[in-house]
Visitor: 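Questions regarding the structure given below will be posed in turn.
Remember, it's a predicted structure, so these values are computed and weren't measured experimentally.
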Amino acid sequence: MVNYHFHYPKPFRSTHSYNLLINLAIRHAALGTAIRLILAMREEAIPPNMETWKLIVRWLVRTGRWHEAWRRVSSIARRHAADQTDMTKQSPIHSIPLPLWLELCGSQKRGALRRRDRPRTKGVIGTSPALAMFCSREYMERFPSFVSPELHPRAVLILARTVISAGYPDVASAMTSSYLESLPRHIRRYHRHAVLNLVHLQMCTLPEKRGLSRHFAQRRVLSDFLDVHRSVRPSPITLFLLLGSLRACRRCGTLALRCLQKFRKQWGPRIESTMVRRRVASLALKEGRLDIVENMFQAEKMVRRIRRGWRLQVEVVGDHFPQRTSKLLRRRRHRLNCVGAENRKWALLEKKLQRMRERRDKRRQSRS
């Protein structure tokens, strides 16, 4: 694509064409190609736009040049403040455009740079100047007002994760609550998963606790955020994360089964998935409750049998669905559902169950 782009004369090259190539180069970790495209764009005197500045900051962050990225963003913010008189009285955190903030909250990808190309300055890699600015409490108190309902949930997730990394989980929780309150009553279907990821982030970043205290703390956080917005419903991933906190408990399998039954009664059978059944079986195997493990295996086998019958019926009869449903199914077909990895984990769990059965039979024979 780069060769095809430079094959045409200069009048045919534009800001959008350069932005497309730079974005693809950074996505494929071709950082040298990205900087060559940026320099070529500067030599040809093609004017940059906000998307170009975003990509430049992204390249600086990916290559570990945090301070240079911060200086570049600060100069752009001063330029915006000079152009708009109503922004001169705002704090520096509000004068920076949101797209640049999201790029500053990024991270250097592991393995993207060769060892000889990595910066040797101490404290540069992994320490963002944006996080250093967050250490000021007065900026942190103003930061939740930076969030508006027009933002995509993914943008709010990036900002909340950065605030938590700076050491202010209470501010991130207030930001998430204010964002959920500002959302409309009915959320779009493709936004619900991203909004639920905000709740999962708050659940997984609780202070270090173990056992039941962490489990019930996560359940309190979940219920508080569900009360803020009624359209947000827990998913099987939510229950999967909740069950993970029971691993340090003594009766982890029994408690996991009770939690599953309570959620199934409250939210319906869709809250139970293959991952949830596997985690309940794993916790029950750790406790020694083989009856619970066998029940989970039977339920999993029944679900797989129903799915095979459904797929056979679709192959024979045909895919006669409404237009909206067929679009939804076409989207899901192109996603990687990780069925092979899940089947492998079930196979390993079945081997552990078989070993425990053999040990139990040997104990019975020795006693008799």
Side-chain angles (χ1 to χ4, degrees), residues 196-197 199-223 233-311 335-368:
L196 193 59
N197 284 338
V199 183
H200 293 166
L201 177 66
Q202 299 298 326
M203 290 170 52
C204 297
T205 53
L206 288 173
E208 288 297 330
K209 295 181 181 179
R210 292 180 61 84
L212 283 177
S213 59
R214 181 176 181 82
H215 176 73
F216 286 110
Q218 288 182 344
R219 291 176 68 166
R220 284 192 297 269
V221 170
L222 176 63
S223 61
R233 295 172 59 89
S235 66
I237 299 178
T238 310
L239 184 56
F240 183 80
L241 295 174
L242 279 175
L243 295 176
S245 58
L246 294 173
R247 188 169 295 277
C249 300
R250 182 177 299 177
R251 300 173 63 243
C252 53
T254 307
L255 295 174
L257 181 62
R258 291 179 184 176
C259 183
L260 173 60
Q261 292 173 350
K262 184 175 181 179
F263 271 71
R264 189 192 300 157
K265 182 179 179 181
Q266 185 176 2
W267 301 105
R270 290 188 177 182
I271 199 69
E272 183 179 352
S273 67
T274 301
M275 295 173 57
V276 172
R277 286 189 291 270
R278 178 174 55 81
R279 175 147 285 186
V280 173
S282 177
L283 294 175
L285 193 65
K286 181 177 180 293
E287 184 186 357
R289 291 286 306 272
L290 300 186
D291 54 338
I292 299 178
V293 181
E294 292 173 356
N295 291 336
M296 292 295 108
F297 269 94
Q298 291 178 2
E300 180 65 21
K301 290 178 182 178
M302 185 180 298
V303 170
R304 292 186 181 185
R305 194 179 302 117
I306 293 172
R307 288 176 181 172
R308 285 196 298 267
W310 173 255
R311 286 196 296 266
R335 295 178 184 175
L336 297 177
N337 47 14
C338 302
V339 176
E342 196 66 30
N343 292 339
R344 180 177 176 273
K345 292 176 182 178
W346 275 103
L348 294 175
L349 192 62
E350 190 174 4
K351 290 181 180 179
K352 291 181 182 179
L353 176 61
Q354 188 64 29
R355 287 196 295 266
M356 289 197 68
R357 285 175 179 171
E358 293 176 357
R359 292 174 187 173
R360 184 185 61 182
D361 295 340
K362 288 181 181 179
R363 290 174 185 173
R364 289 179 180 177
Q365 291 178 0
S366 62
R367 289 176 183 177
S368 60

Visitor: Would you name the heavy atoms of C249 and L212 that are closest together and state the gap between them?
Guide: SG-N, 3.6 Å
Visitor: I'd like a table of donor-acceptor pairs (distance under 3.5 Å, sequence neighbours excluded) in which one partner is a side-chain atom from residues 347-357, with atom names and distances.
Guide:
unit_1, atom_1, unit_2, atom_2, d
R357, NH2, E294, OE2, 3.4

Visitor: When rounded to the nearest 0.5 angstrom, what is the spacing between CG in L285 and SG in C252?
Guide: 9.5 Å
Visitor: Looking at Q218, R214, R219, which one forms a side chain to side chain contact (heavy atoms under 4.5 Å, CB included) with F216?
Guide: R219
Visitor: How close do L239 and I271 get, heavy atom to heavy atom, and via which atoms?
Guide: CD2-O, 3.9 Å
Visitor: Return each pair, listed once, that meets salt bridge (charged side-chain N to carboxylate O under 4.0 Å, His left out) where at least one residue sits in residues 233-245; pairs must be two or more places apart or across chains.
Guide: none
Visitor: Let me have the donor-acceptor pairs involving side chains of residues 253-270, under 3.5 Å, with sequence neighbours excluded, atom names and distances please.
Guide:
unit_1, atom_1, unit_2, atom_2, d
T254, OG1, E287, OE1, 3.2
T254, OG1, E287, OE2, 3.0
T254, OG1, R289, NH1, 2.9
R264, NE, E272, OE1, 3.0
R264, NH2, E272, OE1, 3.0

Visitor: Any side-chain to backbone donor/acceptor pair from H215 onto L242? Under 3.5 Å, distance only.
Guide: yes
Visitor: CZ of R344: more than 12 outside heavy atoms within 6.0 angstrom?
Guide: no
Visitor: Can you confirm whether V293 sits close enough to V280 that some side-chain heavy atom of one is under 4.5 Å from a side-chain heavy atom of the other?
Guide: no
Visitor: Rounded to the nearest 0.5 Å, what separates atom CG in N197 from atom SG in C204?
Guide: 10.0 Å
Visitor: Are R279 and R247 packed together at the side-chain level, in the sense that at least one heavy-atom pair is separated by less than 4.5 angstrom?
Guide: yes
Visitor: Output the distance between atom CZ (R250) and atom NZ (K286), rounded to the nearest 0.5 Å.
Guide: 10.5 Å
Visitor: Please, which pairs that meet salt bridge (charged side-chain N to carboxylate O under 4.0 Å, His left out) have at least one residue in residues 296-307, sequence neighbours excluded?
Guide: R277-E300, E300-R304
Visitor: Would you list the pairs meeting ring-ring contact (aromatic ring centres under 6.0 Å, His included) in which at least one residue belongs to residues 274-305, sequence neighbours left out?
Guide: F297-W346
Visitor: With sequence neighbours excluded, what pairs up with T238 under the side chain to side chain contact (heavy atoms under 4.5 Å, CB included) test?
Guide: L196, H200, M203, L222, P234, S235
